[in-house]
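Order of the sequence lines sets the chain letters (A, B, ...), proteins ahead of strands, with each chain counted from 1. What you are looking at is a predicted structure, and each value in this text was computed from that prediction instead of being measured.
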Amino acid sequence: MARMSCPRGTEDLLPESLPALEHVFHSFRSVMERHAYREIRTPLFEETSLFVRSLGDQSDVVEKEMFTVQRGDTNVSFRPEGTAPVVRAYLQNNLDKIRPFQKFWYGGPMFRFERPQAGRSRQFYQVGVEAIGSTSPLLDAEVVLICHRAFQAMGLKNYQVHGNSIGDAQDRELFRTVLRAYFTPLIMQRCDDCQRRIERNVFRMLDCKVAQCQPSNKQAPRFLDHMSPVSRARFETTKSLLQSLDVPFVFDPSIVRGFDYYTHLVFEFRCKDLGARDAVAGGGRYDGLITDLGGPALGAVGFAIGVLPTLLALATQGHPAVAPRETFTPLFVAPVTDGERTAAFLLAERLRQHGLSCDTDYEDKSLRALFKVADKRGIQLMIVLGPEEVQQRVVKVRVLQKSEDVTLPDDEHLPTALRALLAT
RNA sequence: GUGGCUGUAGCUCAGUUGGUUAGAGCAUCAGGUUGUGGUCCUGAGGGUCGCGGGUUCAAAUCCCGUCAGCCACCCCA
């Protein structure tokens, strides 16, 4: 039988690599708590219609990237992103009536049926926030700021925030018409993709990388010039606030979100130490989504950080917290002969009952072999239990770093004595 | 979904124009020291050369297919 492997685009996170993941999650959580965001957990799958309604039935994600399960008349999909589920939970639990403004954070796996490449897999991890119930431009700035603070806490360097405003739905409808009018006479000069995009997603044309499309992009109308004064003013407020807070924010008119529910601020954090796929976080304001899902007209803004791309960037930057490493256990009980194996097992268990992290041998290894293993694992104290120790009701403790042996009575004070030795 | 590159031990890689039992370093295990680690020395285990087919007296090596990984698109958190 062929050896099994995990499905394409998924990976096992082995014990050595989990400290890196924890580093990201812990940093994120502490920044969120400082800013009064509260954790929310939604199911890993939702009714498919939630994503169809929120992302749009013709978006690529809905059309071909969802993991969908049909059983009887139940049709669910593994969540491809975190925003729609949180908004759904907000509305379902009547939070819009109880306490309309809430700041949430969440973290966990998302799923998309995509072709895997570096920083992109079929099960990927995100941490993110959704601040629901306010249209304040201060909140726009806060959300970008805390993403920046989160990356600072993680120790990431070399990144910039690329931000843009796409106005409100009205602004965008207007601009769509303006852009189409501009591009239509030039369409024959554009690449094949752009010829499709003019109908499907005309905003993407501004972001086209094909050389032949560059000249007509340079002359293209700018969104900011066609936006209502109110929309433009709120973007200016957010932008200057961020600049005064030393957030590395740059205006980038090519940032365009694919989903219809986005309004006003859209942004992406990009790290230079990644390849072509250089985004480590993305987000924006989505004032349209809550009504799309049947709720009242409330504003909301959020972002999500890609955990694995962030880890990749931290790794190339040589950040020590993300290097693979052994899990730390300070104590090890080593039997000298086969006669003490059971006693060693029981002693280890007794120490654990006193709150000490402790391991012992399960492979019938020689004492010499146990010391070699202890050294590799960074054990601090080796508790040696041989025939003589058992007879005299003592243990011999080797302090590995100092190469010193200490004999301690094996009585009710042993855990305290070991704790004292660990502290030195 | 499209295109390109790669695929030899757990890892990093050698492997001469196709030629006999496919190698090294690291890692693992055991021993040198039968109650003591980090250094050193000795030895051992581990590979149907991604998989399938073809060419050939002979294939890790050449050809085709397939799968997987990587890279770039498409698209996007």
Side-chain angles (χ1 to χ4, degrees), chain A residues 2-3 5-11 14 16 51 55-56 58-65 79-84 109-121 124-128 147 191-194 196-197 200-201 204 207-210 255-259 262 266-270 274-284 286 302-310 324 332 334-340 363-390 395-405:
Chain A
R3 206 144 72 137
S5 56
C6 62
R8 186 171 193 196
T10 67
E11 64 181 327
L14 299 177
E16 300 77 63
F51 301 115
L55 304 178
Q58 35 158 21
S59 66
D60 270 47
V61 171
V62 166
E63 271 187 352
K64 51 189 190 195
E65 292 178 359
R79 60 182 186 191
E81 55 102 37
T83 301
M110 308 288 164
F111 307 85
R112 288 192 194 186
F113 194 84
E114 290 190 284
R115 184 148 168 179
Q117 80 188 57
R120 171 204 272 187
S121 47
F124 54 100
Y125 298 85
Q126 291 189 337
V127 288
C147 189
C191 67
D192 293 352
D193 283 332
C194 282
R196 276 190 301 109
R197 284 198 269 238
R200 192 186 166 95
N201 190 349
R204 275 271 163 226
D207 191 26
C208 188
K209 290 162 196 101
V210 178
I255 301 289
V256 182
R257 303 272 90 177
F259 302 144
Y262 278 108
V266 290
F267 62 92
E268 225 169 71
F269 279 64
R270 292 183 184 168
L274 293 173
R277 200 177 164 70
D278 59 354
V280 287
Y286 47 92
F303 70 83
I305 291 175
V307 173
L308 295 181
T310 301
F332 194 99
V336 175
T337 73
D338 286 342
E340 295 82 49
E363 297 171 287
D364 295 350
K365 280 177 183 287
S366 69
L367 189 64
R368 166 183 155 88
L370 291 178
F371 267 87
K372 287 190 175 188
V373 168
D375 193 56
K376 285 198 191 79
R377 286 177 49 178
I379 301 279
Q380 281 180 283
L381 301 181
M382 197 67 155
I383 298 156
V384 178
L385 202 57
E388 296 166 22
E389 285 82 2
V390 169
V395 294
K396 192 178 279 181
V397 180
R398 184 160 182 96
V399 186
L400 290 232
Q401 276 181 333
K402 298 184 189 166
S403 300
E404 283 173 9
D405 285 334

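For B:A59 and B:U2, the P atoms lie 34 Å apart once the distance is rounded to whole Å. To the nearest whole angstrom, the two P atoms, one in B:A22 and one in B:C29, are 27 Å apart. When the P atom is compared between B:A24 and B:U42, the two are found 13 Å apart, to the nearest whole Å. Nucleotides B:U6 and B:C51 are separated by 16 Å at their C1' atoms, to the nearest Å. Rounded to whole Å, the separation between the P atoms of B:G7 and B:U61 comes to 11 Å. Taking atom P on both nucleotides, B:U20 is separated from B:A30 by 36 Å, rounded to a whole Å. Straight-line distance between the P atoms of B:A60 and B:G19: roughly 9 Å, to the nearest whole Å. For the P atom pair drawn from B:C5 and B:C63, the interatomic distance equals 12 Å after rounding to whole Å.
The partner of B:U61, taking Watson-Crick or G-U wobble pairs whose two distances both stay under 3.5 Å, does not exist in any strand shown. Remark: B:G38 base-pairs with no nucleotide in the shown strands. Criterion, Watson-Crick or G-U wobble with two distances under 3.5 Å. Base pairing of B:G25 is made with B:C11, judged by Watson-Crick or G-U wobble geometry with both donor-acceptor distances under 3.5 Å. Checking B:U2 for Watson-Crick or G-U wobble geometry (two distances, each under 3.5 Å) identifies B:A72 as its partner.
In terms of phosphate contacts, A:R8 brings a side-chain nitrogen or oxygen within less than 4.0 Å of OP1 or OP2 of B:G69.
Between A:L381 and A:V399, the closest side-chain pair of non-hydrogen atoms falls below 4.5 Å. Using a 4.5 Å heavy-atom threshold, the side chains of A:Y125 and A:T310 count as separate.
To the nearest angstrom, P of B:C76 lies 11 Å from OH of A:Y262. Note: CG (A:L367) to C1' (B:U33) measures 12 Å, nearest angstrom. Summarising the geometry, the separation between CZ on A:R270 and P on B:C76 is reported as 13 Å, rounded to the nearest angstrom. Going from atom CG of A:L370 over to atom C1' of B:G37 covers 10 Å, rounded to whole Å. If you measure from atom CD1 of A:I383 to atom C1' of B:G35, you get 16 Å, rounded to the nearest angstrom. Distance CG (A:D338) to P (B:G35): 11 Å, rounded to an integer number of Å. In this structure, the CG atom of A:L274 is 10 Å from the P atom of B:C71, given to the nearest Å. One can place CG of A:L14 at 12 Å from C1' of B:G10, the figure rounded to the nearest angstrom.
Heavy atoms only, all atoms of each residue included: A:P387 and A:V336 are closest at CD-CB, 4.4 Å. The two residues A:C147 and A:A281 have their closest heavy-atom pair at SG-CB, 3.8 Å. The two atoms that bring A:K365 and A:L370 nearest to each other are CB-CD2, 3.7 Å, heavy atoms only. Here the closest non-hydrogen pair linking A:K396 and A:E389 is CB-OE2, 3.7 Å.
The base of B:C75 sits with one of its N or O atoms less than 3.5 Å from a complementary donor or acceptor on the side chain of A:R120. For A:S403 against B:G37, a side-chain-to-base donor-acceptor contact under 3.5 Å is present. Between the side chain of A:E11 and the base of B:G69, no donor-acceptor pair of N or O atoms lies under 3.5 Å. At a cut-off of 3.5 angstrom, the base of B:G1 holds no donor-acceptor pair with the side chain of A:R115.
In this structure, A:A281 reaches the bases: a heavy-atom distance under 4.0 Å links it to at least one base atom across the strands shown. At the heavy-atom level, A:A304 lies under 4.0 Å from base atoms of the strands shown. A:G282 comes within contact range of at least one nucleobase, with a heavy-atom separation under 4.0 Å. Residue contacts for A:E114: at a heavy-atom cut-off of 4.0 Å it reaches a base atom on one of the strands shown. A:G9 comes within contact range of the sugar-phosphate backbone alone, with a heavy-atom separation under 4.0 Å but no base atom that close. Note on A:E404: nothing from the nucleic acid sits closer than 4.0 angstrom, heavy atoms only.
Closest-nucleotide positions on RNA chain B for A:D375 and A:L385 were compared, and the one nearer the 5' end corresponds to A:L385.
The distance from the CG atom of A:L400 to the CZ atom of A:R377 is 11.5 Å, given to the nearest 0.5 Å.
Take A:F51 and apply the ring pair (Phe, Tyr, Trp, His ring centres under 6.0 Å) test, not counting sequence neighbours, and it matches no residue.
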Please list each protein N or O that sits under 3.5 Å from an N or O in nucleotides 29-31 of chain B, with the distance.
residue : atom : partner : partner atom : Å
B:C29   : OP1  : A:K365  : NZ           : 3.4
B:G31   : O6   : A:R368  : NH2          : 3.4

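Not one N or O on the side chain of A:R270 forms a donor-acceptor pair closer than 3.5 Å with the backbone of A:D278. Under a 3.5 Å cut-off, the side chain of A:R8 and the backbone N or O of A:R115 do not form any donor-acceptor pair.
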